[in-house]
Amino acid sequence: MLGGCPAHIGISVTDPAAARKFYEGILGVPMSDSDPSGEPGDLVMHIGGQPDVWVAARADHVPSRYPVLTFRVDDISGVVAELHRRGVDFLHYDGFDQDEKGVVRADGEPPVAWFSDPAGNVLALRQEQ
């Protein structure tokens with residue numbers, strides 16, 4: 001019934017200015033102010049031909065414990081190195097065999113690495129095979 005309906009993805013943040021600085025300035029993701037029907041401070045993230053991501057400013061924000069967005073990349077080592085250079089720290093989890101940069105390279109699985117936005121939302125990089 002809803003399979004053909006347009007949709008958008010939404011995440012929440014506590015500080016839209018910090019979110020914009022991070023997503024636009026560090027990750028290079030274009031953003032715009034929300035349309036007039038949105039709440040003040042809400043933003044829209046425009047990711048390469050995908051549905052827009054609504055970034056909602058919420059005082060009661062609770063960070064995700066799991067990735068809210070996964071960016072598919074061609075060269076995870078290069079992207080991780082560049083994001084490290086830009087000040088992004090990658091998350092390390094018990095139970096995963098991660099290299100010193102935070103990348104998991106499990107046999108038969110695409111390499112993946114996790115990091116957080118300023119609001120504590122978990123994001124991921126995944127290298128397409």
Side-chain angles (χ1 to χ4, degrees):
M1 179 172 92
L2 298 178
C5 296
H8 72 268
I9 299 163
I11 64 172
S12 65
V13 299
T14 50
D15 183 345
R20 185 175 216 152
K21 181 178 177 184
F22 178 78
Y23 284 102
E24 207 168 43
I26 294 176
L27 300 187
V29 175
M31 298 189 80
S32 62
D33 294 327
S34 66
D35 65 33
S37 66
E39 294 291 321
D42 287 355
L43 302 166
V44 178
M45 192 182 316
H46 310 283
I47 302 175
Q50 302 299 312
D52 290 338
V53 177
W54 193 270
V55 181
R58 299 293 179 265
D60 62 348
H61 164 74
V62 176
S64 69
R65 292 180 41 209
Y66 303 98
V68 294
L69 293 172
T70 298
F71 296 92
R72 295 183 303 235
V73 298
D74 292 329
D75 174 17
I76 198 166
S77 295
V79 173
V80 166
E82 179 58 21
L83 289 177
H84 269 296
R85 190 186 72 70
R86 294 179 182 200
V88 174
D89 292 321
F90 283 79
L91 302 171
H92 292 262
Y93 293 107
D94 291 337
F96 288 97
D97 187 19
Q98 293 174 269
D99 66 19
E100 68 280 351
K101 302 273 187 174
V103 178
V104 176
R105 299 176 191 279
D107 288 338
E109 297 291 327
V112 64
W114 302 280
F115 60 105
S116 297
D117 72 5
N121 292 311
V122 177
L123 309 171
L125 299 174
R126 177 182 163 118
Q127 182 174 309
E128 293 303 304
Q129 302 285 33

How are the rings of Y93 and W114 set relative to one another: parallel (under 30°), tilted (30 to 60°) or perpendicular (over 60°)? perpendicular

Salt bridge (Lys or Arg N to Asp or Glu O under 4.0 Å) partners of D15, counting only residues at least two apart: none

Of all heavy-atom pairs between [X] and [Y], which one has the smallest distance, and what is that distance?
X	Y	answer
P16	T14	CD-O, 3.7 Å
T70	R126	CG2-CB, 3.8 Å
S116	G120	OG-O, 4.1 Å
A18	P118	O-CG, 3.7 Å

Judged by atom type as modelled, is there a donor-acceptor pair below 3.5 Å linking the side chain of [X] to the main-chain atoms of [Y]?
X	Y	answer
E109	V104	no
Q127	I76	yes
N121	S12	yes
R20	M31	yes
D42	A57	yes

Please walk me through it: do L123 and F22 pass side chain to side chain contact (heavy atoms under 4.5 Å, CB included)? CA-CA 12 Å; L123 309 171; F22 178 78; 3.9 Å; yes

Are side-chain heavy atoms of [X] and [Y] found at a separation under 4.5 Å?
X	Y	answer
S77	V103	no
L83	L27	yes
I11	H61	no
D33	L43	yes
V68	V122	no
F115	L125	yes
V112	F96	no

Check which hydrophobic residues are tied to L2 through side-chain heavy-atom contacts below 4.5 Å, counting indirect links as well, and list them. M1

Derivation of the side chain to side chain contact (heavy atoms under 4.5 Å, CB included) call for V29 and F71: CA-CA 11 Å; V29 175; F71 296 92; 4.2 Å; yes

For the CZ atom on R72, are there more than 12 heavy atoms of other groups (residues, nucleotides or ligands in this structure) within a distance under 6.0 Å? no

V88 reachable from L91 in the ILVMFWY side-chain graph, under 4.5 Å edges: no

Taking NZ, NE, NH1 and NH2 as the nitrogens, is one of them in D117 or K21 under 4.0 Å from a carboxylate oxygen of the other? no

